[in-house]
Visitor: 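Handing you this structure, nothing more for now.
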Amino acid sequence: MVQMGSPIDLFEANNLMSQLVKSKNLAQAHQLFEIMPQRDEVSWTTLIGGHINGSQPFEALALFSRMREEGTRIDEFVLSLILKACGTTNQLKQGESLHGFSVKTGFVNCVFVGSAILDMYTKTGCISKSRDVFHEMPQRNVVSWTAMMTGLVNSGHAKEALLYFSKMWASKIDVDSFTFATALKACADIDALLIGKEIHSQSIKLGFDLNSFVGNTLTTMYNKCGKLEYALRLFERMPIRDVVSWTTKIAGFTQKGCENEALQAFIQMRKVGVSPNEFTLAAVISAIAGLGSVHLGMQLHAHVMCHGPRHPLLTSVDGYHDVKPA
DNA sequence: TTAGGGTTAG
């Protein structure tokens with residue numbers, strides 16, 4: 001359309017850009033954005049959202065300052081997105097300033113913006129501010145509740161998170177797989193086996209136990225509560241076993257001192273074609289350390305050097321590249 | 001045509 005010089009309607013161009021973002025064609029979406037004869041807040045929001053979902057929060061923040069320089073209207077859509085970017089990049093100052101803007105403009109009362117503000121505070125380590133925002137929200141939904149619970153769990157307040165879960169349950173809010181995964185992580189953190197079992201049976205009733213996030217957190221919970229056999233049974237029944245499921249199984253064995261079983265699970269995982277990540281390798285290295293086998297350790301070391309993953313945890317160790325495994 | 005929350009290691 002551009003090459004042929006046909007005039008592009010703003011709505012059409014936004015629509016096209018949205019399709020490009022959805023099909024992960026971020027570069028083309030950006031190109032289109034730059035040559036659009038006119039842009040509105042939807043154009044900016046679409047591109048900013050594409051960068052955030054494509055793990056480029058700093059680019060999203062840069063676009064947002066351009067958006068402000070051009071005097072484009074800031075609405076609740078772009079506010080939610082930028083608050084999220086502030087959280088993931090730990091920009092508390094900008095997050096606070098956007099919170100102030102939301103109060104002044106009244107967008108703070110929008111449940112999307114309110115949830116995004118409380119999430120921004122939990123990610124920047126201000127849990128008490130999250131609590132304040134949560135309690136001042138005129139309306140809350142499953143996302144607000146879950147974001148609050150997640151913040152509490154991640155700041156070491158698992159017990160309080162479970163309190164919120166029971167309040168949420170009592171207020172008849174529709175819980176979902178996100179809520180269950182968070183509540184189960186809270187149980188795992190404080191060895192709350194009985195509550196965990198209760199939440200497990202509720203998740204079965206609602207069908208969320210088949211969700212891989214819930215299933216993986218359930219096995220972690222049983223492992224941490226010392227119920228390795230439950231975790232193993234659950235693993236067998238999982239419809240999809242991803243890298244997290246396998247890593248949880250390997251770590252479960254390692255933590256119980258069953259290093260050989262851990263290594264067998266790792267071999268099995270490789271056989272069925274699941275690629276390990278840095279978490280898996282850390283768990284396997286721990287198993288090998290437990291066995292005290294220099295030979296196996298060197299084998300794994302070589303494997304990591306040849307196949308990666310090239311993660312800071314594995315590559316930033318001093319002298320790492322000087323070590324020559326057999 | 002645009003927006004929010006979740007899992008695994010040490």
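Here is how names work: the chains are called A, B, and so on, in the same order as the sequence lines, proteins then strands, and each is numbered from 1.
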Visitor: Within this structure, what is the CG-to-P distance between A/Asp75 and B/dT1, rounded to whole angstrom?
Guide: 16 Å
Visitor: Ignoring hydrogens and angles, state whether a donor on the side chain of A/Ser43 or A/Asp40 is under 3.5 Å from an acceptor on the partner side chain.
Guide: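 Looking only at side-chain atoms, A/Asp40 and A/Ser43 do form a donor-acceptor pair, the distance falling under 3.5 Å.
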Visitor: Which of residues 80-105 of chain A have a heavy atom under 4.0 Å from DNA chain B?
Guide: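 DNA chain B contact set from residues 80-105 of chain A: A/Ser80, A/Leu81, A/Lys84.
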Visitor: Does A/Thr146 contact B/dG5 through a side-chain donor or acceptor facing the base, at a distance under 3.5 Å?
Guide: yes
Visitor: Nearest to the side chain of A/Ser115, which nucleotide is it out of B/dA9, B/dG4, B/dG6?
Guide: B/dG4
Visitor: Choose from B/dG4, B/dT1, B/dG5 the nucleotide whose nearest atom is closest to any side-chain atom of A/Val111.
Guide: B/dG4
Visitor: Distance-only criterion, 3.5 Å: show the donor-acceptor pairs between side-chain atoms of residues 248-255 of chain A and protein atoms not counting sequence neighbours.
Guide:
| unit_1 | atom_1 | unit_2 | atom_2 | d |
| --- | --- | --- | --- | --- |
| A/Thr248 | OG1 | A/Val244 | O | 2.6 |
| A/Thr254 | OG1 | A/Ile250 | O | 2.8 |

Visitor: Does one side chain, of A/Asn216 or A/Asp242, offer a donor that lies under 3.5 Å from an acceptor on the other?
Guide: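 A donor-acceptor contact under 3.5 Å links the two side chains.
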Visitor: Rounded off to whole Å, could you give me the CD1-to-P distance for the A/Ile74 and B/dT2 pair?
Guide: 18 Å
Visitor: What pair of heavy atoms forms the shortest contact from A/Ile48 to A/Met67, and how long is it?
Guide: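 Scanning both residues completely, I find the closest heavy atoms to be CD1-SD, 4.2 Å.
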Visitor: As a test of reading the structure: which of B/dA3, B/dG5, B/dA9 is closest to the side chain of A/Phe279, going by heavy atoms?
Guide: B/dA9
Visitor: Roughly, in whole Å, what's the span from CG in A/Asn154 to C1' in B/dT7?
Guide: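 My rounded result for the distance is 11 Å.
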Visitor: Could you tell me whether A/Phe64 and A/Trp44 have their ring centroids closer than 6.0 angstrom?
Guide: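 No, they do not, as the ring centres are separated by 6.0 Å or more.
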Visitor: May I have the distance from A/Met168 (atom CE) to B/dG6 (atom P), rounded to whole angstrom?
Guide: 13 Å
Visitor: Checking contacts here: which listed nucleotide (B/dG4, B/dA9, B/dA3) is nearest the side-chain heavy atoms of A/Asn141?
Guide: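 Of B/dG4, B/dA9, B/dA3, B/dG4 is nearest to the side chain of A/Asn141.
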Visitor: For the residue pair A/His157 and A/Ser155, confirm or rule out a side-chain donor-acceptor distance under 3.5 Å.
Guide: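 Looking only at side-chain atoms, A/Ser155 and A/His157 do form a donor-acceptor pair, the distance falling under 3.5 Å.
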Visitor: For DNA chain B, find the residues of residues 214-223 of chain A with a heavy-atom distance under 4.0 Å and give them by number; none if there aren't any.
Guide: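 Those residues whose heavy atoms fall under 4.0 Å from DNA chain B, taken from residues 214-223 of chain A in numerical order, are A/Val214, A/Asn216, A/Thr217, A/Thr220.
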Visitor: What verdict does the side-chain hydrogen bond (donor to acceptor under 3.5 Å, both in side chains) test give for A/Asn15 and A/Gln19, after you've listed the backbone C-alpha separation in whole Å, the side-chain angles of each residue and the deciding distance to 0.1 Å?
Guide: CA-CA 6 Å; A/Asn15 202 343; A/Gln19 302 306 320; 3.2 Å; yes
Visitor: Work out which heavy atom in A/Ala287 is nearest to a heavy atom in A/Ala262; give both atom names and the distance.
Guide: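 Smallest interatomic distance, heavy atoms only, reads CB-CB, 4.0 Å.
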Visitor: As a test of understanding, state which of A/Lys227, A/Glu229, A/His200 forms a side chain to side chain donor-acceptor pair (under 3.5 Å) with A/Tyr222.
Guide: A/His200
Visitor: Any sub-3.5 Å donor-acceptor pair from A/Asp132's side-chain atoms to A/His135's backbone N or O?
Guide: no
Visitor: Between A/Glu261 and A/Lys256, is the closest basic N to carboxylate O distance under 4.0 Å?
Guide: no
Visitor: Whole angstrom is fine here: how far is it from CZ in A/Phe107 over to P in B/dT2?
Guide: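 Atom-to-atom, A/Phe107 to B/dT2, this comes out as 18 Å.
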Visitor: For DNA chain B, what residues of residues 39-47 of chain A have any heavy atom nearer than 4.0 Å?
Guide: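 Under 4.0 Å from DNA chain B: A/Val42, A/Thr45, A/Thr46.
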Visitor: State which of B/dA9, B/dG10, B/dG4 makes the closest approach to the side chain of A/Lys224.
Guide: B/dA9
Visitor: Classify the side-chain pair A/Thr182/A/Thr146 by whether it contains a donor and acceptor separated by less than 3.5 Å.
Guide: no
Visitor: Between residues 244-258 of chain A and DNA chain B, which residues have a heavy-atom gap below 4.0 Å?
Guide: A/Val244, A/Thr247, A/Thr248, A/Ala251, A/Gln255
Visitor: When you measure only distances, ignoring hydrogens and angles, does the side chain of A/Asn15 come within 3.5 Å of the base of B/dT1 through a donor and an acceptor?
Guide: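 No pair found.
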Visitor: Using OP1 and OP2 only, check whether a side-chain N or O of A/Lys22 sits under 4.0 Å from B/dT1.
Guide: no
Visitor: Quick check for you: among B/dG5, B/dA3, B/dA9, whose closest atom lies nearest to any side-chain atom of A/Asp176?
Guide: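 The closest nucleotide is B/dG5.
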Visitor: Could you go step by step and tell me if A/Trp145 and A/Phe134 meet the ring pair (Phe, Tyr, Trp, His ring centres under 6.0 Å) rule?
Guide: CA-CA 8 Å; A/Trp145 282 91; A/Phe134 181 82; 5.0 Å; yes
Visitor: Calculate the interatomic distance between A/Met67 atom CE and B/dA3 atom P; express it in whole Å.
Guide: 13 Å
Visitor: Of all the nucleotides listed (B/dG5, B/dT1, B/dG6), which has the minimum atom distance to the side chain of A/Asn211?
Guide: B/dG6
Visitor: Measure CG/A/Asp209 against C1'/B/dT7 and give the value in whole Å, please.
Guide: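 Taking CG of A/Asp209 and C1' of B/dT7, I get 15 Å after rounding.
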Visitor: Show me the side-chain donor-acceptor pairs of residues 56-63 of chain A shorter than 3.5 Å, one per line, residues at least two apart or across chains.
Guide:
none

Visitor: Does A/Val142 reach a base, just sugar-phosphate, or nothing at all? Heavy atoms under 4.0 Å.
Guide: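 Result for A/Val142 = base.
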Visitor: Starting from P on B/dA3, measure out to CZ on A/Phe112 and report it in whole angstrom.
Guide: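 It works out to 9 Å between those atoms.
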Visitor: Return the minimal non-hydrogen interatomic distance between A/Ile52 and A/Ile82, and the atom names on each side.
Guide: CD1-N, 4.5 Å
